[in-house]
Amino acid sequence: MVLMKMKFPAEKRVRLAQGLWLLSWTATMAGALTFCLGCLLKTELRRRAEVMDNTEIHCVPHTLMVVGIASLGINYFAGRICQDALDPGRFPRWKGFLNPYFKVSLFFTSLMLLAVIMSYAMKGSLEASLKIGLKNGIRFYKDTDTPGRCFQKQTIDRLQMEFQCCGNTDFRDWFEVQWISNRYLDFSTKEVKDRIKSNVDGRYLVDSVPFSCCNPSSPRPCIQDQLTNNSAHYNYEHQTEELNIFVHGCRETLVKYYMGLMNTIGAVVLSVFLVQGSVLVSLRYLQTSMEAVAGQENAEIETEGYLLEKSVKETVMEYLDPVLKIIMPNQVASSDEGAEAGNPAS
């Protein structure tokens, strides 16, 4: 059953080829844009790699870069095919190329749609990665003399100042870790001894935050030590007064930043997907309408073009069968034998 059949006079075929040539070059530029967006997202993710626990989220930029490069090749050949479609004598040389071309193009176009879906669906994975990564970053903040962690303090400080955030969930996360190195503690003083003894793990815990948590927009000089001790500061009430440090956690801030970036990229790539889909649909109509001209003495005749020669189900199975034979050769062979047994020769 032929689906979505249309009639194409010679003039209409020429206009289709010319319009498709312009559309294919538009899609080529869009493919280059997709690749650049993938590179941008990859760069932004790598900048914060030290505060991320895993790299699952990197599958989004990797997919964008792959489909961006593939789009360049797909649309280059689409443009060449459109040029040859203007000459009925040159178009037949593409006949054996077009079926594999459509299969490859559909695969990468579907991959583009998958990238769009992932750009919206990876929030949970991103948040989980940042939760563990920031927790470790805060825990290793003091290890400036430990190989592999010596830049952790600088990373966290720059992160908190750039995104105006403090801690993982909020500033209280700093109260739960010893973020001051033992090298800078005077163990001969009573205060240090008492704090270490009062803690089961022998850590020096204080209700203070690093300087990078200070909010420069606050009119009051930064209070970063003894945040919960009202008597330590004049005219200060930590439960009611607006603190002059950043109160939002870095995890929430980074999730908003990256999801905003990925959602914007997803919307752009969705537009690219629609353009790419239009190229493939138009090229399919051009192919089927031009194939009807082959072997005809009069190249100006009216021909029919269609999108699918068979039903959607039959077409999908035709494309999937070669893949299934590679992935599950034994099962496919068994099903074929069963079909032959069910239909014995008369």
Side-chain angles (χ1 to χ4, degrees), residues 36-62 64 119-120 122-181 184 206-225 227 238 242-268:
C36 293
L37 290 174
C39 292
L40 171 65
L41 182 57
K42 178 69 176 179
T43 302
E44 286 298 308
L45 290 172
R46 290 195 65 177
R47 286 180 61 197
R48 312 295 170 200
E50 292 182 348
V51 294
M52 292 186 181
D53 180 57
N54 58 61
T55 57
E56 289 180 6
I57 192 70
H58 287 253
C59 66
V60 178
H62 291 164
L64 290 174
S119 67
Y120 289 94
M122 294 295 286
K123 181 179 179 180
S125 176
L126 175 64
E127 190 167 4
S129 177
L130 286 169
K131 181 179 180 180
I132 299 174
L134 285 168
K135 182 179 179 181
N136 291 333
I138 292 172
R139 184 157 60 96
F140 301 139
Y141 180 87
K142 67 181 186 301
D143 298 339
T144 53
D145 55 350
T146 304
R149 301 176 187 170
C150 52
F151 292 106
Q152 197 69 54
K153 177 183 181 300
Q154 180 181 354
T155 299
I156 295 296
D157 283 335
R158 289 184 181 276
L159 175 69
Q160 294 189 145
M161 289 188 288
E162 181 181 348
F163 288 92
Q164 298 186 352
C165 58
C166 185
N168 188 346
T169 304
D170 56 32
F171 65 92
R172 296 179 184 83
D173 293 323
W174 291 104
F175 301 172
E176 301 172 1
V177 297
Q178 179 182 337
W179 57 272
I180 302 175
S181 175
Y184 308 111
V206 289
D207 54 345
S208 305
V209 296
F211 77 96
S212 54
C213 285
C214 293
N215 186 355
S217 301
S218 175
R220 181 169 184 166
C222 186
I223 297 176
Q224 64 182 99
D225 297 316
L227 288 170
H238 79 278
E242 184 178 351
L243 301 178
N244 57 356
I245 60 173
F246 301 127
V247 294
H248 296 291
C250 291
R251 172 158 46 100
E252 177 187 357
T253 305
L254 283 173
V255 167
K256 286 182 179 178
Y257 171 74
Y258 279 117
M259 289 309 300
L261 180 61
M262 287 198 294
N263 291 348
T264 302
I265 290 174
V268 173

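Just so you know, residue 1 is the first one in the sequence shown, and it goes up from there.
- Remark: Asp225 pairs with Ser208 by the side-chain hydrogen bond (donor to acceptor under 3.5 Å, both in side chains) rule, at least two apart or across chains.
- A distance of 10.0 Å separates NZ in Lys135 from OG1 in Thr169, rounded to the nearest 0.5 Å.
- Side-chain contact between Val255 and Lys123: present, with at least one pair of heavy atoms (C-beta onward) separated by less than 4.5 Å.
- No salt bridge links Arg158 with Glu50; every basic N to acidic carboxylate O contact stays at or beyond 4.0 Å.
- More than 12 heavy atoms of other residues, nucleotides or ligands shown are found within 6.0 angstrom of NZ on Lys142.
- Going from atom OG of Ser212 over to atom CD of Gln154 covers 11.5 Å, rounded to the nearest 0.5 Å.
- Contact between Trp174 and Cys213 at its shortest, heavy atoms only, is NE1-SG, 3.8 Å.
- Taking 4.5 Å as the limit, every side-chain heavy atom of Val51 sits out of range of all side-chain heavy atoms of Arg251.
- The two residues Ile156 and Gly137 make their nearest non-hydrogen contact at CG1-O, 3.9 Å.
- Taking the six-membered ring for Trp and thresholds of 30 and 60 degrees, His62 and His58 have ring planes inclined between 30 and 60 degrees apart.
- For the atom pair CG of Leu45 and CD1 of Ile57, the computed distance is 6.5 Å after rounding to the nearest 0.5 Å.
- Judged by distance alone, the side chain of Tyr120 and the main-chain N or O of Asn263 form a donor-acceptor pair under 3.5 Å.
- Taking CD of Gln152 as the start and CD1 of Ile138 as the end, the distance is 10.0 Å to the nearest 0.5 Å.
- Of the possible polar contacts, one joining the Asn244 side chain to the Arg220 backbone as a donor-acceptor pair under 3.5 Å is found.
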For residues 127-134, tabulate all N or O donor-acceptor pairs below 3.5 Å that involve a side-chain atom, not counting sequence neighbours.
unit_1, atom_1, unit_2, atom_2, d
Ser129, OG, Asp53, N, 3.0
Ser129, OG, Asn54, N, 3.2
Ser129, OG, Asn54, O, 3.4

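- Rounded to the nearest 0.5 angstrom, Ser181 OG and Asp143 CG are separated by 7.5 Å.
- Crowding of Glu56 atom CD: a count of heavy atoms from other residues, nucleotides or ligands under 6.0 Å not exceeding 12.
- Taking every heavy atom of both residues into account, Phe171 and Val247 meet most closely at CD2-CA, 4.3 Å.
- Classification of Glu44 and Arg48 as a salt-bridged pair fails, no side-chain N sitting under 4.0 Å from a carboxylate O.
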Could you walk me through whether Cys165 and Cys250 satisfy the disulfide (SG to SG under 2.5 Å) test, starting with their C-alpha distance in whole Å, then the side-chain angles of each, then the deciding distance to 0.1 Å, before giving a yes or no? CA-CA 5 Å; Cys165 58; Cys250 291; 2.1 Å; yes
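- With values rounded to the nearest 0.5 angstrom, Leu41 atom CG is found 8.5 Å from Tyr258 atom OH.
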